[in-house]
> 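Dumping the structure here so I can ask a few things about it.
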Amino acid sequence: MLDEYIAMLKTNTWDLVPRPPGAHVIRSMWLFRHKFHADGSLQCHKARLVANGQDTAYLLLYVDDIILTASTDVLLTRFIDMMKREFCMTDLGSLHHFLGITATRSSSGLFLSQSLYTKDIISRASMTSCNPVATPVDTNSKLSATSGPSLKDPTLYRSLAGALQYLTFTRPDISYAVQQVCLFMHDPREPHMQALRRILRYLQGTINHGLFLSVSTISGIHAYSDADWAGYPDSRRSTSGFCIFLGDNLVSWSSKRQATVSRSSAEAEYRGVANAVAETTWLRNLLLELHIPLRRATIVYCDNVSVVYMSGDHVQHQRTKHVEIDIHFVRESVRIGDIRVLHIPSENQYVDIFTKGLPRQLFIRFRTSLSVNGDGRGEEMQRKEEADNGDEVGYMVDGKHEMQVVKY
């Protein structure tokens with residue numbers, strides 16, 4: 001710390017002057033991190049001095065659409081007035097609609113949905129009268145690039161698949177199904193179109209569903225990671241999936257085919273964990289920039305015991321040499337204390353919804369765990385009101401027993 005302080009004095013980072021009358025003292029803090037050699041050994045301790053202001057404003061800008069919030073109403077009003085002086089802009093009041101996403105505020109949280117956009121996609125496919133299905137993807141089928149005849153005109157398929165990608169912003173429950181149909185945009189075939197229509201039939205029955213963000217404290221980040229090993233029949237590549245929670249709220253998720261073939265399930269799972277760790281690292285840095293530093297390590301849950309051992313074991317095993325970069329990346333995050341990789345039973349692995357087709361009962365249970373519902377209410381409230389209309393199913397979540405109601 002002393003070396004860093006002396007270095008800032010030498011480079012004239014600031015001038016020491018008396019405090020002007022009426023000026024506030026800006027709070028500051030030291031941030032510490034470790035720097036390692038290429039072989040993983042500690043090189044030095046690094047320190048950084050960061051100054052924070054007593055108020056904070058956040059601005060999200062997309063072209064000419066803006067979401068603005070602040071820590072106080074006074075600062076928010078002052079910032080809006082300043083923006084109006086510099087730019088020609090209109091204040092639309094409280095957030096209610098942004099880039100096709102409807103935001104509904106309540107005392108318990110914020111409900112994000114794209115119901116109108118969903119109806120438009122279904123209408124574009126001429127399926128407004130279709131019968132709904134309970135899940136977006138078949139549990140048995142694995143789509144192949146060579147199965148079935150090619151579509152005579154793939155334009156509609158590509159248009160619908162692209163539209164569904166944007167819908168996953170508030171509908172993580174369809175991420176895996178959409179990822180599957182988007183793999184065949186270059187040469188869509190009849191079975192691929194059938195799979196896409198199944199997604200639309202699922203959306204027909206869940207048009208009003210969206211993502212609920214509850215009012216909760218930011219206690220830390222925890223993630224779930226999984227992989228479907230060699231699940232693609234054409235290339236035997238694996239599917240990685242992760243979902244990341246900030247406090248009680250789902251903030252990031254992914255369903256993606258791995259770039260290379262994994263030679264073992266442990267290798268596929270470890271690549272998935274590395275992707276989840278990379279995303280959580282980015283989120284931790286983003287929160288730091290937003291002046292919300294996390295004090296606790298991020299917990300990454302994985303249902304593969306070998307991956308848990310490898311994340312903290314410094315011995316290089318024969319079966320892991322093909323994922324050496326991912327091995328070192330995850331281990332370094334574990335070593336500096338930012339990440340902890342823990343085991344979770346497969347029956348509680350939420351992220352299965354991003355890697356494979358699931359039976360109806362399990363799919364609904366995991367969907368509820370992701371806070372995807374149809375009316376913007378919290379998960380606990382929804383369960384209570386459904387108690388008289390379904391059968392209760394008990395399960396464990398993070399070591400706590402919870403109940404889920406499944407309608408038949």
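Sequential numbering from 1 along the given sequence is applied to the chain's residues.
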> Any side-chain heavy atom of H192 within less than 4.5 Å of one from V181?
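No; the side chains remain at least 4.5 Å from each other.
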> Please report the shortest heavy-atom distance between P154 and P188, naming the atom on each side.
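Where P154 meets P188 most closely, the heavy atoms are CB-CG, 3.4 Å.
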> Between S262 and Q258, is any side-chain donor less than 3.5 angstrom from a side-chain acceptor?
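Looking only at side-chain atoms, Q258 and S262 do form a donor-acceptor pair, the distance falling under 3.5 Å.
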> Can a donor-acceptor pair be found between the side chains of D187 and S150 at a distance below 3.5 Å?
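D187 vs S150: donor-acceptor pair found between side chains.
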> Hey, are the side chains of S238 and R271 touching, using non-hydrogen atoms and a 4.5 Å cut-off?
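No. Closest side-chain heavy atoms not under 4.5 Å.
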> Determine the minimum heavy-atom distance between A274 and F329, stating which atoms define it.
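Minimum heavy-atom contact is O-CE2, 3.6 Å.
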> Measure centre to centre between the rings of Y58 and F79, then say whether the value is under 6.0 Å.
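No, they do not, as the ring centres are separated by 6.0 Å or more.
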> Nearest 0.5 Å please: distance from the CD1 atom of I344 over to the CD atom of Q349.
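One finds 5.5 Å between CD1 of I344 and CD of Q349.
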> Taking atom OG of S113 and atom CG of L167, what is their separation to the nearest 0.5 Å?
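Interatomic distance, S113 OG to L167 CG, rounded to 0.5 Å: 10.0 Å.
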> Evaluate side-chain contact (heavy atoms from CB on, under 4.5 Å) for K84 paired with D91, printing each intermediate quantity in order.
CA-CA 9 Å; K84 287 182 178 180; D91 182 7; 3.9 Å; yes
> State, to 0.1 Å, how close G374 and F111 come at their nearest heavy-atom pair, and which atoms those are.
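Distance-wise, the nearest heavy atoms are C-CZ, 4.2 Å.
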> How long is the gap from CD1 on I122 to CD on Q204, to the nearest 0.5 Å?
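Those atoms lie 4.5 Å apart.
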> Take atom CZ in F32; do more than 12 heavy atoms of anything else shown fall under 6.0 Å from it?
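Enclosed.
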> Under the ring pair (Phe, Tyr, Trp, His ring centres under 6.0 Å) rule, what do F169 and Y117 come out as? Steps first, then yes or no, please.
CA-CA 12 Å; F169 282 10; Y117 183 71; 9.6 Å; no
> Apply the test side-chain contact (heavy atoms from CB on, under 4.5 Å) to residues T260 and R237: give CA-CA distance (whole Å), side-chain angles for both, the deciding distance (0.1 Å), then the verdict.
CA-CA 6 Å; T260 58; R237 293 184 186 179; over 6 Å; no
> Under 3.5 Å, is there a donor on one side chain and an acceptor on the other for Y232 and Q180?
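Yes, because at least one side-chain N or O of Y232 sits under 3.5 Å from a partner of the opposite role on Q180.
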> Using 30° and 60° as the class boundaries, would you call the ring planes of F245 and H222 parallel, tilted or perpendicular?
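Answer is parallel, since the angle falls under 30°.
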> A side-chain contact here means heavy atoms from C-beta on lying under 4.5 Å apart; do L203 and I121 qualify?
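With C-beta onward as the side chain, the pair stays apart.
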> Indicate the ring-plane relationship of Y350 and Y224, choosing parallel, tilted or perpendicular according to the 30° and 60° boundaries.
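Rings of Y350 and Y224: tilted, as their planes differ by 30° to 60°.
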> What is the distance from atom CG of L183 to atom OG of S235, rounded to the nearest 0.5 Å?
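Going from CG on L183 over to OG on S235, the span is 9.0 Å.
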> Please report the shortest heavy-atom distance between A195 and L143, naming the atom on each side.
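Closest pair (atom of A195, atom of L143, distance): CB-CD1, 3.9 Å.
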> Check step by step if ring pair (Phe, Tyr, Trp, His ring centres under 6.0 Å) holds for F354 and F242.
CA-CA 7 Å; F354 297 105; F242 65 73; 8.2 Å; no
> Taking NZ in K256 as the centre, count heavy atoms belonging to other residues, nucleotides or ligands within less than 6.0 Å. Is the count above 12?
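Counting other residues, nucleotides and ligands, NZ of K256 stays at 12 neighbours or fewer.
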> Crowded around R124 CZ? As in, over 12 foreign heavy atoms under 6.0 Å?
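Result for CZ/R124: enclosed.
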> Run I174 and V137 through side-chain contact (heavy atoms from CB on, under 4.5 Å) and show every step you take.
CA-CA 8 Å; I174 65 170; V137 63; over 6 Å; no
> Are any of the side-chain heavy atoms of L59 and I66 separated by less than 4.5 Å?
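Heavy-atom side-chain distance check passes, below 4.5 Å.
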> Would you check if there is a donor-acceptor pair between the side chains of R171 and T206 at a distance under 3.5 Å?
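Indeed, the side chains of T206 and R171 share at least one donor-acceptor pair under 3.5 Å.
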> Take S219 and T217 through the side-chain hydrogen bond (donor to acceptor under 3.5 Å, both in side chains) test and state the conclusion after the steps.
CA-CA 6 Å; S219 56; T217 58; 5.1 Å; no
> For atom CG of D73, decide whether the heavy atoms of other residues, nucleotides or ligands shown that lie under 6.0 angstrom number more than 12.
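Counting neighbours around CG of D73, 12 or fewer heavy atoms of other residues, nucleotides or ligands fall under 6.0 Å, so no.
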> Taking everything shown except H343 itself, do over 12 heavy atoms lie less than 6.0 Å from its NE2?
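Atom NE2 in H343 is packed in, count exceeds 12.
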> May I ask you to test the L370-C243 pair for a side-chain heavy-atom distance under 4.5 Å?
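Yes, side chains in contact.
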> Going by distance alone, is a donor N or O of one side chain under 3.5 Å from an acceptor N or O of the other, for R105 and S94?
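There is no such pair (donor and acceptor under 3.5 Å, judged by atom type) between the side chains of R105 and S94.
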> Do you see a donor-acceptor pair shorter than 3.5 Å between the side chains of S311 and R331?
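There is no such pair between these side chains.
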> Measure from the side-chain N and O atoms of R236 to the backbone N and O of A230, and report whether any donor-acceptor pair falls under 3.5 Å.
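Answer holds: yes.
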> Any non-hydrogen side-chain atom of L294 less than 4.5 Å from a side-chain atom of L287?
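In contact.
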> Please give me the minimum heavy-atom distance between F366 and D352, naming the atom from each residue.
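Smallest interatomic distance, heavy atoms only, reads CE1-CB, 3.9 Å.
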> Tell me, do F212 and V372 make a side-chain contact under 4.5 Å, heavy atoms counted?
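When only atoms from C-beta onward are counted, V372 and F212 do not touch, as no gap falls below 4.5 Å.
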> What is the distance from atom CG of D303 to atom CG of L342, rounded to the nearest 0.5 Å?
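Rounded to the nearest 0.5 Å, the CG-CG separation comes out at 13.0 Å.
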> Can you find a heavy atom in the side chain of Y270 that is under 4.5 Å from one in the side chain of C302?
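SC-SC contact between Y270 and C302 ruled out.
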> Between the side chains of S214 and N249, does any donor sit under 3.5 Å from an acceptor?
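A donor-acceptor contact under 3.5 Å links the two side chains.
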> Distance check, rounded to the nearest 0.5 Å: E279 atom CD versus N275 atom CG?
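Reported to 0.5 Å precision, the distance equals 9.5 Å.
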> Considering only NZ, NE, NH1 and NH2 on the basic side and carboxylate oxygens on the acidic side, decide whether R198 and D138 come within less than 4.0 Å.
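Not counted as a salt bridge, because no side-chain N and carboxylate O are separated by less than 4.0 Å.
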> Side chains of T146 and S144: do they bring a donor and an acceptor to under 3.5 Å?
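S144 and T146 do have a side-chain donor-acceptor pair below 3.5 Å.
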> Checking L211 against L250 for the side-chain contact (heavy atoms from CB on, under 4.5 Å) test, could you report, in this order, the C-alpha distance in whole Å, the side-chain angles of both residues, the deciding distance, and whether it holds?
CA-CA 8 Å; L211 184 64; L250 180 68; 4.2 Å; yes
> V261 and E267: which non-hydrogen atoms are nearest, and at how many Å?
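That would be O-OE2, 3.9 Å.
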> In terms of heavy-atom contacts, does CZ of R257 have more than 12 from other residues, nucleotides or ligands at under 6.0 Å?
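Counting neighbours around CZ of R257, more than 12 heavy atoms of other residues, nucleotides or ligands fall under 6.0 Å, so yes.
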